[in-house]
Amino acid sequence: MAERWLTLASLVCAWLRWWALCGFFVGIAVTLHTWRMERKREAVGDAAAALARANMAGLESAIGVLPSFLLFPDYEKVHWINQVMEKVWPLLAEVTSRTLPGYIQPLLDECCPSGISQMNLKAIQPGTKSPVLGGIKSTITQENEVIFDLDFKWGGNQRMILDVCEAKSRVRLSVSLERLLVFGYIRIMLTPLIAEWPLFARVQVSLLDEPSLDFSMSALGSTLTAIPGLEETLKKFIRQIIHDKMVWPKALVFPVKKGNFDTGPKYDGVVFVRLVRAVDLKHVGEDNIFRLPFNLMDPFVVLKVRDHRTVSTPVYKNERNPVFNLEAMFLVEDCQEQQLQVKIFDYNLFSDDELIGTITIPIRNLAPDIPSSLEENVIGEKYGTKYMCGQIVFEALYMPYKGKLTLDFPEGWGNFSQSSVLFVVVKQARGLAHRRRFAPSHPRAYVAYGTQLKATKACKNTTNPVWDEKLEFVGIDVTLFKSIRVEIYCMTRIGRKGPLLGWVEVALSSIQASGGHVTDIFKLNGTPKGEIHLTLTLAGVV
């Protein structure tokens with residue numbers, strides 16, 4: 001009897017080993033099949049992308065870059081403007097070479113890259129070839145302004161000479177930027193319109209998007225290798241300063257008439273976002289059938305309307321259906337052009353975070369003062385092929401200011417009732433103390449509200465600085481932090497804080513008591529002399 005049981009047990013063990021061996025080989029076969037299918041999809045995607053690029057390249061080589069009036073019906077032909085531009089370009093180039101350095105040098109002083117202590121613009125030569133306009137579009141708004149959008153192309157024999165000083169070794173080098181090639185769309189604003197010639201007070205110039213930019217670089221009397229890494233640093237710096245200072249709604253301001261005209265950004269309103277949850281998130285190209293158990297998902301979401309302000313959720317570990325319940329608010333400067341971006345990432349500890357997909361909602365598509373409940377598909381792209389990567393559920397509410405400082409929230413949106421926006425215009429300071437005995441004074445103002453800290457540019461070698469900068473603080477809660485603090489420091493040559501030149505605190509209750517707007521000259525504390533001119537506006541729900 002015992003022998004029968006032993007024989008039966010040995011048969012069962014042999015049967016189990018056989019099926020385990022079969023399962024092992026079946027698993028290998030399934031894995032190999034999945035790998036082959038993935039490689040095949042990648043090859044097809046690469047071939048399709050290469051074919052699309054080849055078709056586009058062939059089309060562009062055959063007919064060249066299409067002008068905007070052929071691509072967009074609202075752009076008009078401007079052949080006559082190009083003829084006028086070509087005729088007056090020698091005179092315009094001469095005027096530009098004299099006046100433009102005065103506007104570019106402050107940007108170089110403010111945004112000097114790390115490793116370089118000083119950058120001076122020695123000369124600008126616009127060249128002999130005038131820019132070419134591919135089309136023009138005029139935009140009508142409710143503001144007291146005129147807006148023109150231009151399809152801009154410029155390539156020629158331009159030249160810009162920079163005097164660069166390296167921070168550590170103090171090596172000086174003259175660098176020449178030559179043969180600029182730029183394609184893009186430029187917005188020109190004539191604002192505000194006035195009843196005096198030439199009928200507008202200033203010209204604002206900005207880029208609607210990052211342009212296609214290329215240029216060559218050489219050293220005068222030396223080589224670029226005299227300062228290691230200089231060429232790449234300068235190219236990155238120039239592209240970054242264009243992105244930070246000229247891409248709409250940022251703009252270069254050229255005053256035409258003297259007077260007290262506000263040069264700060266204009267705000268159309270505020271957009272409030274409630275990020276609720278995500279449903280069935282997956283990696284780009286991931287197959288639900290062959291989803292591997294160790295292929296985890298650690299998602300987080302980044303919200304933004306403008307580049308310099310983003311709001312992120314925490315990282316949700318190993319969760320494909322996260323519940324966010326995040327609330328955020330964003331200022332909107334141009335409701336016709338700006339858009340709400342929702343980017344979904346997968347967090348990676350040892351490599352760059354993987355972008356799963358992006359959802360874009362134009363602000364103009366949101367009905368004013370009416371909440372919108374949205375369920376948007378997350379579309380990811382890999383090797384030219386688009387994949388469905390889940391859904392995002394959120395609510396959005398756009399509320400225009402309409403010339404008033406307070407906002408009336410609809411029912412169910414009362415959680416934002418303590419969220420306001422504080423605008424601080426740091427105009428100028430007078431009679432600052434000179435705290436550095438053997439060095440010039442470079443004052444800079446820092447404005448702090450709670451954990452938010454923002455600063456103006458540093459004005460060089462003066463005790464009466466004029467900043468005239470507008471700083472914004474979003475998410476003001478007058479019950480949590482009851483005042484703002486402004487401090488003025490003397491900056492060192494390498495950009496660090498030096499001695500404190502004075503400070504002032506302004507209670508938010510005083511701004512509320514004045515109807516949400518205060519313009520005054522405040523005496524500085526912590527110093528025997530000195531005063532600062534501030535304009536404070538509390539907008540939103542107060």
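One is the number of the first residue; the rest follow in order along the sequence.
- In this view, Glu354 and His283 satisfy the side chain to side chain donor-acceptor pair (under 3.5 Å) rule, not counting sequence neighbours.
- Residues forming a side chain to side chain donor-acceptor pair (under 3.5 Å) with Gln338 (at least two apart in sequence, or on another chain): none.
- The ring-ring contact (aromatic ring centres under 6.0 Å, His included) check on Phe473 picks up nothing, with sequence neighbours excluded.
- Residues passing the side-chain contact (heavy atoms from CB on, under 4.5 Å) test with Lys87: none are found, sequence neighbours excluded.
- Annotation: ring-ring contact (aromatic ring centres under 6.0 Å, His included) contacts of Phe481 (sequence neighbours excluded): Tyr449.
- By the side chain to side chain donor-acceptor pair (under 3.5 Å) test, Asp163 pairs with no residue at all, sequence neighbours left out.
- Asp209 is linked by a side-chain contact (heavy atoms from CB on, under 4.5 Å) to nothing, counting only residues two or more places apart in sequence or in another chain.
- Remark: Glu178 pairs with Arg159, Ser176, Ser216, Ser218 by the side-chain contact (heavy atoms from CB on, under 4.5 Å) rule, at least two apart or across chains.
- Partners of Asn157 under the side-chain contact (heavy atoms from CB on, under 4.5 Å) rule, at least two apart in sequence or in another chain, are Thr128.
- Residues forming a ring-ring contact (aromatic ring centres under 6.0 Å, His included) with Phe423 (at least two apart in sequence, or on another chain): Tyr267.
- Listed by chain and number, the residues in a side chain to side chain donor-acceptor pair (under 3.5 Å) with Arg364 amount to none (sequence neighbours excluded).
- Contacts of Phe237 classified as ring-ring contact (aromatic ring centres under 6.0 Å, His included), with partners at least two apart in sequence or in another chain: none.
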